[in-house]
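FYI, side chains are in, hydrogens and waters are out, and symmetry mates aren't considered; it's all heavy atoms of this structure. The shown structure was predicted, so the numbers you read here are calculated from the model rather than taken from an experiment.
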Amino acid sequence: MVELFLGGARSGKSRLAEERAEQLGGAVTYLATATAGDTEMAERIAHHRSRRPAHWGLVEEPLALGRALRNTAIPDGVVLVDCLTLWLANALAAGEERFAAEREELLRALESAAGPVVLVSNEVGSGIVPLGAETRRYADEAGRLNQAVAACCDRVTLVVAGLPWVLKEAA
């Protein structure tokens, strides 16, 4: 079972994904993709850490997400990935070849996950077209990634103002 929570910044998507991971039962492993490049990001990471139960496992992997999923997903546990768009920024910064390889590895890992996976991603395509070429590329790749991941998912939930809206649910 693979599930995706999409939403804008501070929409409540991570909180709802964390609640869902707990509901699924089993040991939860939080797979974090963020790196603390500045003080503000370090504060965001600390905020997320403070919310998580102490008994959850933690794997920090900013780039080789597919490999980390393969190594972490188990039938009687849940992997919570937060977040795909931070991973995307890391992967794009690694260069075209590495980005393409890591993206393919991630999608393959989702298709064959040994246990439940809950993913969090930002929906960045609802705003205006960004002015700069680099930002447009990021927004385009985020949209493509979200579409590809959603296609692999059994359930997709859009979160707006803390409210979940189920977009896709496998029968």
Item to complete: Decide yes or no on side-chain contact (heavy atoms from CB on, under 4.5 Å) for R44 and L86, but give the supporting numbers first.
Response: CA-CA 12 Å; R44 283 177 179 259; L86 288 173; over 6 Å; no

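- More than 12 heavy atoms of other residues, nucleotides or ligands sit less than 6.0 Å from atom CD of Q23.
- Side-chain atoms of W87 and L145, non-hydrogen and from C-beta on, do get closer than 4.5 Å to each other.
- Residues V28 and V117 are members of separate hydrophobic clusters, defined by side-chain heavy-atom contacts under 4.5 angstrom among Ile, Leu, Val, Met, Phe, Trp and Tyr.
- Hydrophobic cluster membership is shared by L58 and V118, with clusters built from Ile, Leu, Val, Met, Phe, Trp and Tyr side chains linked at under 4.5 angstrom.
- Between the side chain of T33 and the backbone N or O of C83 there is at least one donor-acceptor pair closer than 3.5 Å.
- Salt-bridge annotation for R51 and E22: absent, with no side-chain N of the basic residue lying under 4.0 Å from a carboxylate O of the acidic one.
- The pair E141-R144 meets the salt-bridge criterion, with a side-chain N (NZ, NE, NH1 or NH2) lying under 4.0 Å from an Asp/Glu carboxylate O.
- L65 is not listed as a side-chain neighbour of E102, based on a closest heavy-atom distance of 4.5 Å or more.
- With respect to E105 and R108, a salt bridge is recorded, a charged nitrogen being found less than 4.0 Å from a carboxylate O.
- By the 6.0 Å contact criterion, CD on E40 is enclosed, its count of non-hydrogen atoms from other residues, nucleotides or ligands being greater than 12.
- In this pair, W56 and Y30 present their aromatic rings parallel. The plane angle is below 30°, not in the 30 to 60° band.
- Under a hydrophobic clustering in which Ile, Leu, Val, Met, Phe, Trp and Tyr are joined whenever their side-chain heavy atoms come within less than 4.5 Å, directly or via other members, V78 and L69 fall into different clusters.
- Pairing each heavy atom of C153 with each of L119, the nearest pair is SG-CD1, 4.3 Å.
- Scanning all heavy atoms of the two residues, the minimum distance from P116 to G77 falls at CD-O, 3.0 Å.
- Between L80 and R52, every side-chain heavy-atom pair lies at or beyond the 4.5 Å cut-off.
- Hydrophobic clustering of Ile, Leu, Val, Met, Phe, Trp and Tyr side chains at less than 4.5 Å, counting indirect connections, unites V120 with L24.
- Remark: side-chain polar atoms of R136 are paired, donor with acceptor, to backbone N or O of P130 under 3.5 angstrom.
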Fill in: Working for side-chain contact (heavy atoms from CB on, under 4.5 Å), residues R103 and L107
CA-CA 6 Å; R103 184 181 187 280; L107 295 173; 3.6 Å; yes

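- The backbone N or O of F5 lies less than 3.5 Å from no partner atom in the side chain of E3, so there is not a single donor-acceptor pair.
- Taking 4.5 Å as the limit, some side-chain heavy atom of L6 sits within range of a side-chain heavy atom of S121.
- Looking at heavy atoms from C-beta onward, D38 lies in side-chain contact with M41 at the 4.5 angstrom threshold.
- The hydrophobic cluster containing L4 does not contain V159, counting ILVMFWY residues as joined when their side-chain heavy atoms lie under 4.5 angstrom apart, directly or transitively.
- A donor-acceptor pair is defined here as one N or O able to donate and one able to accept, closer than 3.5 Å; such a pair exists between the side chain of K13 and the backbone of G8.
- The shortest non-hydrogen separation linking E111 to C152 is OE2-SG, 3.1 Å.
- Here the side chains of R70 and S112 are in contact, with some heavy-atom distance below 4.5 Å.
- Closest approach of P62 and N90 over heavy atoms only: O-ND2, 2.9 Å.
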Worksheet item: Is there a side-chain contact (heavy atoms from CB on, under 4.5 Å) between L84 and L106 once you walk through the steps?
Response: CA-CA 10 Å; L84 291 178; L106 170 60; 4.1 Å; yes

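- A73 approaches A114 most closely through the heavy-atom pair O-CB, 3.5 Å.
- Counting heavy atoms from C-beta on, the side chains of L92 and Y138 come closer than 4.5 Å.
- Between the side chain of N122 and the main chain of T85, no donor-acceptor pair closer than 3.5 Å is present.
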Discussion item. Show, in sequence, the C-alpha distance, side-chain angles and deciding distance for L16 and T157, and conclude whether the side-chain contact (heavy atoms from CB on, under 4.5 Å) test is met.
Written reply: CA-CA 10 Å; L16 288 171; T157 303; 5.8 Å; no

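- Smallest separation of non-hydrogen atoms from E169 and V166: OE1-CG1, 3.8 Å.
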